[in-house]
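See below for the structure under consideration.
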Amino acid sequence: ESTYGSSGSPLQSWEWELDDGYFSNEINPEYIYTALDTCYIVNLTVTDENMCTDTYSDTVCLFGEVSVDFVADQVCYTHRTNFEGSFEPASDSIAEWNWNFGDGSPVLSTPKDTASHLYPEPGTYLVTLEATDINGCSASTYQTVMVDSLPTPDFIADTAYCDASTNFIDVSIGNGS
């Protein structure tokens with residue numbers, strides 16, 4: 001679609017330099033860049049009916065997809081579970097980490113890639129991590145986390161009389177995974 005310049009003359013040609021050595025004469029071209037997470041200088045030269053030309057240059061930055069993962073400690077009940085997030089590509093920067101610990105507690109939003117959580121009871125929990133990078137791109141992952149039950153210590157002792165020794169018998173139960 002041709003528009004009029006300030007002189008009232010319609011535009012006649014467009015020359016785009018979209019990448020080093022790639023040119024297009026289309027009015028609204030499309031181009032697929034080979035490298036993400038980088039910026040390119042794009043030049044557009046327009047010519048009107050009077051053969052007047054001018055060039056506009058701007059920087060176009062492309063951002064690739066981010067992927068996230070995390071590791072978590074397997075802990076015993078009453079101990080905090082520690083989480084550590086990671087992301088790819090390493091050149092990216094995560095602006096916000098959102099941890100859903102899978103136990104009904106509120107989602108923890110933090111700029112840090114680490115978190116710690118105390119679960120209300122032993123069990124297996126589905127934890128979801130969503131991370132958003134500085135470009136607004138987000139990714140999520142999930143995995144199960146185990147909180148082991150505590151062992152139940154118990155013993156039986158017979159009553160000793162006089163100088164006899166007392167006998168102890170362990171009847172503890174291991175409740176872990």
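- Nearest heavy atoms, Ser24 versus Pro29: OG-CB, 3.4 Å.
- Within the 3.5 Å criterion, the main-chain N or O of Ser172 finds a donor-acceptor partner in the side chain of Asp170.
- Around atom CD1 of Ile41, no more than 12 heavy atoms belonging to other residues, nucleotides or ligands sit under 6.0 Å away.
- Heavy-atom minimum distance, Asp158 versus Asn167: OD1-N, 2.6 Å.
- Between Cys61 and Thr59, some side-chain heavy-atom pair lies under the 4.5 Å cut-off.
- In this structure the side chain of Thr114 never reaches within 4.5 angstrom of the side chain of Phe83, judged on heavy atoms.
- In terms of modelled atom types and a separation under 3.5 Å, the side chain of Ser57 and the main chain of Asn43 share no donor-acceptor contact.
- Taking each heavy atom of Ala131 and Ile94 in turn, the nearest pair found is CB-CG2, 3.9 Å.
- Donor-acceptor pairing under 3.5 Å is lacking for the side chains of Asp54 and Tyr56.
- Side-chain contact between Pro120 and Asp103 is present, with heavy atoms from C-beta onward closer than 4.5 Å.
- Defined by atom type and a distance below 3.5 Å, a donor-acceptor pair is missing between the side-chain atoms of Ser86 and Asp69.
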Let's go through Val42 and Asp58 carefully: what are the C-alpha distance in whole Å and the side-chain angles of both, what is the deciding distance for side chain to side chain contact (heavy atoms under 4.5 Å, CB included) to 0.1 Å, and is it a yes or a no?
CA-CA 6 Å; Val42 175; Asp58 200 358; 5.8 Å; no

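- For Asp48 and Gln12, the side-chain atoms include no donor-acceptor pair closer than 3.5 Å.
- Placement of Leu11 and Ile27 within a single hydrophobic cluster is found when ILVMFWY residues are connected by side-chain heavy-atom separations under 4.5 Å, directly or transitively.
- Closest approach of Trp99 to Val127, counting heavy atoms only: CE3-CG1, 4.5 Å.
- With ring centers used as reference points, Trp97 lies 6.0 Å or more from Phe70.
- Taken together through direct or relayed side-chain contacts under 4.5 Å among Ile, Leu, Val, Met, Phe, Trp and Tyr, Trp14 and Val60 form part of one hydrophobic cluster.
- A donor and an acceptor atom, one from each side chain of Asn98 and Ser109, are located under 3.5 Å apart.
- Judged purely by atom type and a 3.5 angstrom limit, Asn100 uses its side chain to pair as donor or acceptor with the backbone of Gly102.
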Please test Phe23 against Trp16 for ring-ring contact (aromatic ring centres under 6.0 Å, His included), starting from the C-alpha separation and ending with a verdict.
CA-CA 5 Å; Phe23 294 87; Trp16 295 84; over 10 Å; no

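- The aromatic rings of Tyr33 and Tyr31 stand perpendicular to each other, their planes meeting at an angle above 60°, with 30° marking the opposite boundary.
- Taking the six-membered ring where the residue is Trp, the centroids of Tyr119 and His117 are separated by under 6.0 Å.
- For Ser138 and Thr132, the side-chain atoms include no donor-acceptor pair closer than 3.5 Å.
- Inter-residue side-chain proximity for Gln74 and Asp148 is flagged as met; some heavy-atom pair is nearer than 4.5 Å.
- Nearest heavy-atom pair across Leu62 and Ala35 is CD1-O, 4.0 Å.
- Proximity of the aromatic rings of Phe101 and Tyr125 is defined here by a centroid distance below 6.0 angstrom, and this criterion is not met.
- Enclosure of atom OH in Tyr142 is not indicated, since only 12 or fewer non-hydrogen atoms of other residues, nucleotides or ligands lie within 6.0 angstrom.
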